[in-house]
Amino acid sequence: MIKKEEIETGYSRREMMTIAAAREIKNGEIVFCGTGISMLAAMAAKNISAPQSTIFFETGAIDSRLDEVPLAVADSRVMHATAVNGGLAEAFATMQNRFTGSRVVGILGAAQIDIYGNLNSTAIGDYRQPEVRFSGSGGACDVASFVNRTIIFMQHEKRKFVEKLDYFTSPGWIDGPDGRQKIGLGSGGPETVITNLGVLRFAEESKKMYLAACYPGITPEEVQLNTGFTLDLEQAEVFPPPTSTELKILRQRCDPQRLILD
Amino acid sequence: MIKKEEIETGYSRREMMTIAAAREIKNGEIVFCGTGISMLAAMAAKNISAPQSTIFFETGAIDSRLDEVPLAVADSRVMHATAVNGGLAEAFATMQNRFTGSRVVGILGAAQIDIYGNLNSTAIGDYRQPEVRFSGSGGACDVASFVNRTIIFMQHEKRKFVEKLDYFTSPGWIDGPDGRQKIGLGSGGPETVITNLGVLRFAEESKKMYLAACYPGITPEEVQLNTGFTLDLEQAEVFPPPTSTELKILRQRCDPQRLILD
Amino acid sequence: MRSSQNKVTTLTAAIASLVKNNCHLSIGGFTINRNPMAAVYEIIRQQKRGLHLYAHSNGQGVDELIGAGCVSRLEIAYAGSGRFAPTCIRFRRAVERGEILVEDYSNYQMTLRFMAGAMGLPFLPTRSGLGTDIIRHWGFAKSLRKNDNGLPDQKLITIDNPFGDWCDSPKLVLVPAINPEVTIIHVQQADRRGNARIQGLTFADIEQAKAARHLIITCEELVEEEFLKREPDRNQIPFIHVDAVIPITWGAYPTACYRHYDYDPRYLNNYRQTAEDEESYQTYLVEKIMGCANHQEFIALNDDEHLKNLIADPETGYATGLKRN
Amino acid sequence: MRSSQNKVTTLTAAIASLVKNNCHLSIGGFTINRNPMAAVYEIIRQQKRGLHLYAHSNGQGVDELIGAGCVSRLEIAYAGSGRFAPTCIRFRRAVERGEILVEDYSNYQMTLRFMAGAMGLPFLPTRSGLGTDIIRHWGFAKSLRKNDNGLPDQKLITIDNPFGDWCDSPKLVLVPAINPEVTIIHVQQADRRGNARIQGLTFADIEQAKAARHLIITCEELVEEEFLKREPDRNQIPFIHVDAVIPITWGAYPTACYRHYDYDPRYLNNYRQTAEDEESYQTYLVEKIMGCANHQEFIALNDDEHLKNLIADPETGYATGLKRN
């Protein structure tokens, strides 16, 4: 199924998102991956720009080889040729650990996000009898609490970028620069939000989300129109499109079956 | 080196003590062993009367085969043909665990004991600059705190059976029947004290130590003379000496090199 | 029973005697891997009701138990099956309809809760959850907690660090222990006494196993004790924790069992579609699950060729090149 | 450094750069097994002073560091070498003479303290220690604690269970985390990046390793990464925790290294006798330890026949039938 945008640009939005996230990962970092696109972003980074990054899963796998893309973080594909096969206890301890946690970058997704990067992946409506129920935190709250920085994937829709979360699952900057400190969390926090429209970051002084870049063909106004709170659009640049090398590696090496890309 | 008592009776006091302890172990129990004579007692029990008891070490070995007697709980001999080789964390969790801890019998030794079976294995004199320094708790305080019942090995000397411990390392009955409950410990506590003179137990109503039996040739008065507090001697019986089968198995199967027995 | 030398029994007998209606049950595995599915289906066949279920991130097992109406209450961190169902379908529906009570934790919180249970402790601390609705919103009301002595009186408690600023942790969340009445896990190898070896990731299975009053182990292979004792470094669960051992090949199917077989993408995709529709789901339950006398019959619904495609490659531990669309 | 692809270095360099005078150091192993003895002797050769040492039940390593005057403060549960020295000789003497400060914990408390450090937590709870002098008597005074930000302000804290009577635990002892500046462990196998495999019991080495700011691993065998990755279930320490890897055969000698060699009863018995006498101990230090340029020379003091007797039997992992009187 080829989407309209793909005919126009030669790449899909999902590919753009994956590559945008991959570019955020630094060589030498430990990358916490969830299921789906975040896993693909980590694989892409490792194959393109951060060969010495270490892919790591909450299920306990460290430095998985990933010859094939896993379809869940418990997929047997994450267990092959790892440094250590442990369990959840070891994985989360690595993130809460004072010496290793500071070198972990976490990639998360959510159903709702607010201007401070706090996340809801639990429910819409009343908690005990919700209108829509989602999977729940999984490791998201843990990762968001422990690690040095997080990258967040979102579908850019007004009902997902909200003034107030229906349920506060995972901490972002809480309510500003000293928000995390006030509730007892250490350093760390969300750094980047990658959507199907562009890339958003958090202002240093306020920790409020602003639009850092739009993908080619997207306007800042379009982004604002799909956001449930007011965004600072002043600093928005045009995001560099995927290079042919990036696309080639993503398509041929990371997800040739297009299990996640489609 | 043959001791006087051995010439008279055909067995040594150390053999008598080992067999006395082995007889306390019930089939099906999980036996926590320390170094030395307690390990030998567990081996003897397993080979004589409690074949389905499980020998288990604080170092993390469960159900060690023990083809040769170990000289420390970390001896590689405890690691061979176990059910699981773990670590200290797993071993002590097994004892603190509500379902397995209640099936563990711990065998301990100490430098001092009081009438309630509280133990000192740390120091004589001032703690910070002691007259005599011992090894310290090791796992003794943990075992004494967690498991359902303990058996204690002691050399019977006045300076070791004391009114008041110089240092309180491991909890026995504290100060009476509700002593453990008052400080927040669950059920469990010392059951038997096995010395080179006889076997002592704790009175149901007071949890004070009394003389339950003397070895053949030892009088209750001799025991009292070597005890630093007043013992109830009224119930003292004569302890049945080791049988030839017990001695044979102990000598030939458990410690043929007499590494611990001598 | 736990010191018995032979704990091998049938799944029918083990579930009948240990999994009572309304009991507190925990199942191992993670999303689409090593769920104790044979046991799950047997629980469904025996029509257990009112289960209080614990998991961390469980997908297929939890969803099928909920779909079949066995579950009243659920404590969980994540109910999803990866790409096959980002949120489990029957779980989602049951929560939205108010058919089950659910209480949310994070994955690490659930792990620590089982770990506390295994360690014989009432709680463990963590920094995860500070300031979130996971602390503020309880799934179970105070009154419900009071009336069930299998539940702690409070969900989570935030405290100030009694050691001041030690380790830069001014505040901690205390998570209460779970001691399930029964835990069921599926492992690769076990012996008759119950010594067990998990291959690949252990998830939180070891903690879940040791936290339980009773432990049922289903295993792909029943092996000799001597075999396991030759390499004890690779074993995780000693027999002292185990009540029942049931050898069942394909015991985790349709979820994966590392080094034995992969998850079945066809089954999981069909399940998602089936679960979306009330009528077809009831048909599925009647025909596929209740209609089979046991797991062997259920597995035999697949032709051999299909199962062969799922068999793990000995080198990688999964079905290399498996069609997974 | 911890993400470097090649961490192999010399022991001389690793000790010189990471083990500073007065630093907080933890060493792995238990009584007479898998002590990182090559590293211990190198620390003695480099005449490190004022070390704040952590162990749980350590025998030979701790005693030699104390005997050589390297240690000022010690936190420990047990200082003994099994039948070879029920209480370590130089440790005992140093404490009785007031030459070192010692603070006592139980074995589980020390394990939990390292575990808390590894988990990034300020403390963990236990029921062990309630009502004992381990809580009442501090080895380090309040003022000393205040002046060293590597130490918590309090030794142990007793609290009421915040969850009431949950798990029948009305009271708990909180044990504070240890985050040593350096941990040194000896393992059987490691690769250049620092992935490591311990064979046999792990003691508290994994917790000690992960709790540390810096980790030095000495290993019997340096192996290829691919070798370790073929069976990751058997590995315990991923490279992300590791700073330095030093291959040293007989690196735990005279203590044992399971599946490689046994402890040396002759050495340990001689050591006990030597340690009892001041003069012969100084001679021992000068000739045996300082007199050798490195561990290879120290090992070469033994004739080959003697070492051969210590080599582990491949079946049992120890030197079957070794004369141990």
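Atoms considered below: every heavy atom in the structure, side chains included; atoms not considered: hydrogens, waters and symmetry mates. Numbered from 1 within each chain, the chains take letters A, B, ... in sequence-line order.
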Using heavy-atom distances under 4.5 Å, tell me whether N161(C) contacts chain A through its side chain, its backbone, both, or neither.
neither
Is A141(C) close to chain A through its backbone or its side chain, or both, or neither, when contacts mean heavy atoms under 4.5 Å?
both
Okay, F84(C) and chain A: the region with an atom under 4.5 Å from a heavy atom over there is side chain
If I measure from the heavy atoms of chain A, does A79(C) come under 4.5 Å with its side chain, its backbone, both, or neither?
both
Measure distances from T316(C) to the heavy atoms of chain A and classify the residue's part below 4.5 Å as side chain, backbone, both or neither.
both
Go through the atoms of T111(C) and report whether side chain, backbone, both or neither lie under 4.5 Å from a heavy atom of chain A.
side chain
Determine the minimum heavy-atom distance between R324(C) and L259(A), stating which atoms define it.
NH2-CD1, 3.3 Å
Side chain, backbone, both or neither: which part of E207(C) has a non-hydrogen atom closer than 4.5 Å to chain A?
side chain
Where does T320(C) contact chain A at under 4.5 Å (heavy atoms): side chain, backbone, both or neither?
both
Using 30° and 60° as the class boundaries, would you call the ring planes of H137(C) and Y167(A) parallel, tilted or perpendicular?
tilted
Okay, Y263(C) and chain A: the region with an atom under 4.5 Å from a heavy atom over there is side chain
Which region of R97(C), side chain (C-beta onward) or backbone (N, CA, C, O), has a non-hydrogen atom less than 4.5 Å from a non-hydrogen atom of chain A, or is it both or neither?
backbone
Is L322(C) in contact with chain A via its backbone, its side chain, both, or neither, using a 4.5 Å heavy-atom distance?
both
Sidechain N-carboxylate O distance under 4.0 Å for R133(A), D104(C)
yes
Against chain A, label T158(C) side chain, backbone, both or neither, depending on which of its atoms sit under 4.5 Å from a heavy atom there.
neither
Between T122(A) and D133(C), is any pair of side-chain heavy atoms under 4.5 Å apart?
no
Any luck finding a side-chain donor-acceptor pair between N85(A) and Y258(C) under 3.5 Å?
no
Taking the side chain as every heavy atom from C-beta outward, state whether K171(C) and I183(A) have any atom pair closer than 4.5 Å.
no
